[in-house]
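Below you'll find the structure, written out as structure tokens, and then a few comments.
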Amino acid sequence: MSLAPSERAPATGAATATATGTPAGRGTPRRTGRARQGRRRLLTRESVPYLLIMPAVLGFAIFKAYPIAASFWISLTTGNGDERQFTGLANYRRLLDDPLFWTALKNTALILVVQVPLMLGLALLVALGLNSTKVWLRPLWRLGVFVPSLTGLVAAGVMFSVILNRDAGLLNWVLSLFGVDRVNWLGSPVWARVGVVLVITWHYTGYNAVMYLAGLQGVPKELYEAAMVDGAGPVRRFFSITLPQLRPILLLTVVLSTIGTLQLFDEPYVLTGGGPDNATLTVTMYLYNNGFKYFDFGYASALAYALALIVSLLGILQVRLMGERR
């Protein structure tokens, strides 16, 4: 007995549903299943790390990479606002012929050569003292050494501007007790540089001392005991064991101190404003003056890239000279 066409239609739909695995008349759940499969493909074991670092990558791209690229473009232009004109390397050629830039670079290099070895040498001596078991109340001394590095740079500059005052400063009062005449710390080119070095040394010596102290505590005591059995004295143990073991930390502190000194701004800006007679003018101060006093952002950007190149070259040189020999 044959069936009518209307009676055979449901069977066709049921067969189709059975073949596709979806009940007849339910098309929407199949779409939902595809969406779930898409999300599952997105959240795989390989993709989750990329999704986790995506906020940091976006933040770096927006707040770091883009300003760096925009600054390089600005260094190739002149003008103000939207009326900038492309001039190529004109700002860099101007930099090479600018005597004030070379003065600022000379001042920065002079402070670097004097201050960094002085500060790191004092930090190493302080760390050796704090590492000694003969020192009483070592935690208290360690805290006292590290506290200056917690002081804000502007606050430290203001404090030392009072201490180094020629007429009513604490340092001149102490020197007068020993019969020393008043020193014009902030008004003389030579003594103004000395004042800047004093501020930086006071502020960062404790920070580097704590790093050296951590390195000293990681040196195996067996090395010192074996050296003492062989008859090595304190000086020989220092140069044969302590310094080689501290080599990675010494390299780190030298590189960081060099970078920080080349970017010196807060202390001379608060103490002397770059004076007297540009004796304490640094590269970053000169960059700031061109950018935010004279609004010559093209030249200021060129100064920034020149400073970045100098920092990179010195960092590579220091790593090559002080790096581990293989």
Side-chain angles (χ1 to χ4, degrees), residues 111-165 169-175 177-178 183 185-186 191 193-221 223-224 234-235 237-271 280 282 318 322:
I111 294 174
L112 171 67
V113 171
V114 174
Q115 187 268 332
V116 171
L118 174 64
M119 177 186 65
L120 296 183
L122 288 175
L124 184 57
L125 292 177
V126 171
L128 290 171
L130 294 177
N131 193 48
S132 175
T133 57
K134 299 179 181 180
V135 177
W136 291 2
L137 302 174
R138 284 190 296 173
L140 182 61
W141 285 106
R142 292 171 183 175
L143 177 62
V145 167
F146 187 71
V147 162
S149 63
L150 303 177
T151 307
L153 294 176
V154 175
V158 172
M159 181 180 67
F160 270 87
S161 65
V162 176
I163 295 175
L164 300 177
N165 186 273
L170 177 63
L171 186 55
N172 276 342
W173 176 78
V174 172
L175 292 176
L177 298 178
F178 298 93
V183 178
W185 293 101
L186 304 178
W191 291 113
R193 295 191 185 105
V194 173
V196 172
V197 170
L198 286 176
V199 178
I200 305 172
T201 303
W202 174 85
H203 192 270
Y204 290 106
T205 296
Y207 176 82
N208 291 282
V210 170
M211 297 181 67
Y212 291 149
L213 179 61
L216 289 172
Q217 293 179 345
V219 179
K221 295 182 180 180
L223 296 177
Y224 293 107
V235 177
R237 293 197 299 270
F238 175 76
F239 285 101
S240 299
I241 298 176
T242 304
L243 284 184
Q245 291 294 319
L246 289 180
R247 190 171 189 171
I249 300 180
L250 287 171
L251 174 61
L252 176 65
T253 55
V254 168
V255 173
L256 292 180
S257 300
T258 301
I259 294 174
T261 304
L262 289 174
Q263 296 176 344
L264 186 63
F265 174 79
D266 301 78
E267 295 89 340
Y269 182 81
V270 176
L271 279 176
T280 57
T282 61
Q318 289 170 342
M322 298 182 60

In the structure I gave you, are the side-chain heavy atoms of [X] and [Y] within less than 4.5 Å of one another anywhere?
{"X": "N172", "Y": "N165", "result": "no"}
{"X": "L223", "Y": "Q245", "result": "yes"}
{"X": "L124", "Y": "L243", "result": "yes"}
{"X": "Y224", "Y": "T242", "result": "yes"}

- Query: Where do I163 and W185 land on the side chain to side chain contact (heavy atoms under 4.5 Å, CB included) test, with the steps shown first?
  - Reply: CA-CA 10 Å; I163 295 175; W185 293 101; over 6 Å; no
Just how far is it from atom [atom1] of [X] to atom [atom2] of [Y], taken to the nearest 0.5 Å?
{"X": "W191", "Y": "L186", "atom1": "CH2", "atom2": "CG", "answer": "12.5 Å"}
{"X": "L246", "Y": "I241", "atom1": "CG", "atom2": "CD1", "answer": "11.5 Å"}
{"X": "L264", "Y": "Q115", "atom1": "CG", "atom2": "CD", "answer": "8.0 Å"}

- Task: Return the minimal non-hydrogen interatomic distance between M119 and T205, and the atom names on each side.
- Result: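 In terms of heavy atoms, the two residues are closest at CG-OG1, 3.6 Å.
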- Task: Search all heavy atoms of S161 against all heavy atoms of L271 and return the closest pair with its distance.
- Result: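 S161 and L271 have their closest heavy atoms at N-CD2, 3.5 Å.
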Pairs of donor and acceptor atoms involving the side chains of residues 193-202, under 3.5 Å and at least two apart or interchain, shall be tabulated with distances.
residue : atom : partner : partner atom : Å
R193    : NE   : A279    : O            : 3.0
R193    : NH2  : N107    : OD1          : 3.4
T201    : OG1  : V197    : O            : 2.7

Which pairs of donor and acceptor atoms, one on a side chain in residues 209-218, lie under 3.5 Å apart (sequence neighbours left out)?
residue : atom : partner : partner atom : Å
Y212    : OH   : T253    : OG1          : 2.7

- Message: Within a 6.0 Å radius of atom CZ on F239, are there more than 12 heavy atoms belonging to other residues, nucleotides or ligands?
- Response: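 No, CZ of F239 has 12 or fewer neighbouring heavy atoms, counting only those of other groups under 6.0 Å.
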Run the side-chain donor-acceptor check on residues 140-154: report pairs under 3.5 Å with partners two or more places apart or on a different chain.
residue : atom : partner : partner atom : Å
W141    : NE1  : W136    : O            : 3.3
R142    : NH2  : L130    : O            : 3.3
S149    : OG   : F146    : O            : 2.6
T151    : OG1  : P148    : O            : 3.4

- For T261, which of V114, V116, L256, T282 qualifies under side chain to side chain contact (heavy atoms under 4.5 Å, CB included)?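 By the side chain to side chain contact (heavy atoms under 4.5 Å, CB included) criterion, T261 pairs with just one of V114, V116, L256, T282: V116.
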